[in-house]
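Heads up: the structure comes next, in structure tokens.
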Amino acid sequence: MKQPFFYTLLACALLASCDIETSSNNELDANWQLREIDTLATEGTADMSRSNIYWAIEGDILQVRNISKNQKFLFHLQKDKDALTIGTPYHAHTKDSLTLVEKDSLLAPLGINGTQVTYHINHQGSHLTLTDEMLRLHFRKY
């Protein structure tokens, strides 16, 4: 009779000691392929479907990869309702070497206009659209 009580007590102690973190990003946490960039001022559109640029969102981290140029960037990410703010970009040269990005010109080919950008989120199933003051980025879930 003592064993079931002991195991129940042990299970409760283990569960109480766990630090479970969940992301409030819901379905936004995924891998996304950049498909198209619209310039809002000129209404121009750039087809990016062959650019091999991917955004991976998980928790409070955004990883942007340009596979064609073998580039990887890491950003701090914050989601608040329908707004997504990215900032503090790091260029990941290797798994052990990160440098803080201070020039916007490194990020522009990825559809990112600065070292801190806030986007409006429009997410519908396997499609994601992010809009800032200058650009509208279209993604598909990968």
### Query
To the nearest 0.5 Å, what is the distance between CG (Leu130) and NE2 (His138)?
10.0 Å
### Message
Tell me the closest heavy-atom pair linking Lys81 and Ile121, and the distance in Å.
### Response
O-CD1, 4.4 Å
### Pairwise distance CD(Gln63) to CG(Leu77) - rounded to 0.5 angstrom
12.5 Å
### Query
Should the pair Phe139 and Trp32 be assigned to parallel (<30°), tilted (30 to 60°) or perpendicular (>60°) ring geometry?
perpendicular
### Query
Which heavy atom in Phe73 sits nearest to a heavy atom in Leu107, and how many Å separate them?
CD2-CD2, 4.0 Å
### Task
For the pair Arg35 and Arg140, evaluate side-chain contact (heavy atoms from CB on, under 4.5 Å) and give the outcome as yes or no after the intermediate values.
CA-CA 7 Å; Arg35 305 290 290 170; Arg140 77 170 173 99; 3.7 Å; yes
### Task
Could you tell me which non-hydrogen atom of His93 sits nearest to which non-hydrogen atom of Thr99, and how far apart they are?
NE2-OG1, 2.9 Å
### Query
Can you tell me how far the OH atom of Tyr54 sits from the CD atom of Gln33, to the nearest 0.5 Å?
4.0 Å
### Task
Take Met48 and Ile53, measure what side-chain contact (heavy atoms from CB on, under 4.5 Å) needs, and give me the verdict at the end.
CA-CA 8 Å; Met48 302 296 288; Ile53 296 175; 3.9 Å; yes
### Task
State plainly whether one hydrophobic cluster holds both Val117 and Met134, where clusters connect Ile, Leu, Val, Met, Phe, Trp and Tyr through side-chain heavy atoms under 4.5 angstrom apart.
yes
### Exercise: do Asn52 and Ser68 side chains pair donor with acceptor under 3.5 Å
yes
### Message
We want to know whether Asn113 and Asp132 form a side-chain donor-acceptor pair, criterion being a heavy-atom distance below 3.5 angstrom.
### Response
yes
### Message
With no hydrogens and no angle check, just 3.5 Å: does a side-chain donor-acceptor pair link Thr94 and Asp96?
### Response
no
### Query
If Ile, Leu, Val, Met, Phe, Trp and Tyr residues are connected whenever their side-chain heavy atoms lie under 4.5 Å apart, and connections chain through other members, are Tyr142 and Ile67 in the same group?
yes
### Query
Between atom CZ of Phe75 and atom CD1 of Ile112, what is the distance when rounded to the nearest 0.5 Å?
3.5 Å
### Task
Mind running side-chain contact (heavy atoms from CB on, under 4.5 Å) on Trp55 and Leu62 for me, showing each step along the way?
CA-CA 7 Å; Trp55 289 30; Leu62 166 66; 3.7 Å; yes
#### Entry: Any donor-acceptor N/O pair, Asp38 side chain to Leu40 backbone, under 3.5 Å
no
#### Entry: Closest non-hydrogen atom pair between Leu106 and Leu110, with its separation
O-CD1, 4.3 Å
### Query
Can you check whether Ile86 reaches Gln116 side chain to side chain, under 4.5 Å on heavy atoms?
no
### Query
So do Asp60 and His76 actually touch side chain to side chain, heavy atoms under 4.5 Å?
yes
### Query
Any sub-3.5 Å donor-acceptor pair from His123's side-chain atoms to Gly125's backbone N or O?
yes
### Query
Do side-chain atoms of Asn31 reach the backbone of Lys141 as a donor and acceptor pair under 3.5 angstrom?
no
### Message
Quick check: closest heavy atoms across Val101 and Thr115, and the distance to 0.1 Å?
### Response
O-CG2, 3.6 Å
### Query
How many angstroms lie between CG in Leu137 and CD1 in Ile37, if you round to the nearest 0.5 Å?
5.5 Å
### Message
If I compare all heavy atoms of Pro89 with all of Leu100, which pair ends up nearest, and what's the gap?
### Response
O-CD1, 3.3 Å
### Summary
dist His120:NE2 -> Asp82:CG (nearest 0.5 Å) comes out at 5.0 Å
#### Entry: Intermediate values then yes/no, side-chain contact (heavy atoms from CB on, under 4.5 Å), Leu135 and Tyr119
CA-CA 9 Å; Leu135 301 175; Tyr119 296 99; over 6 Å; no
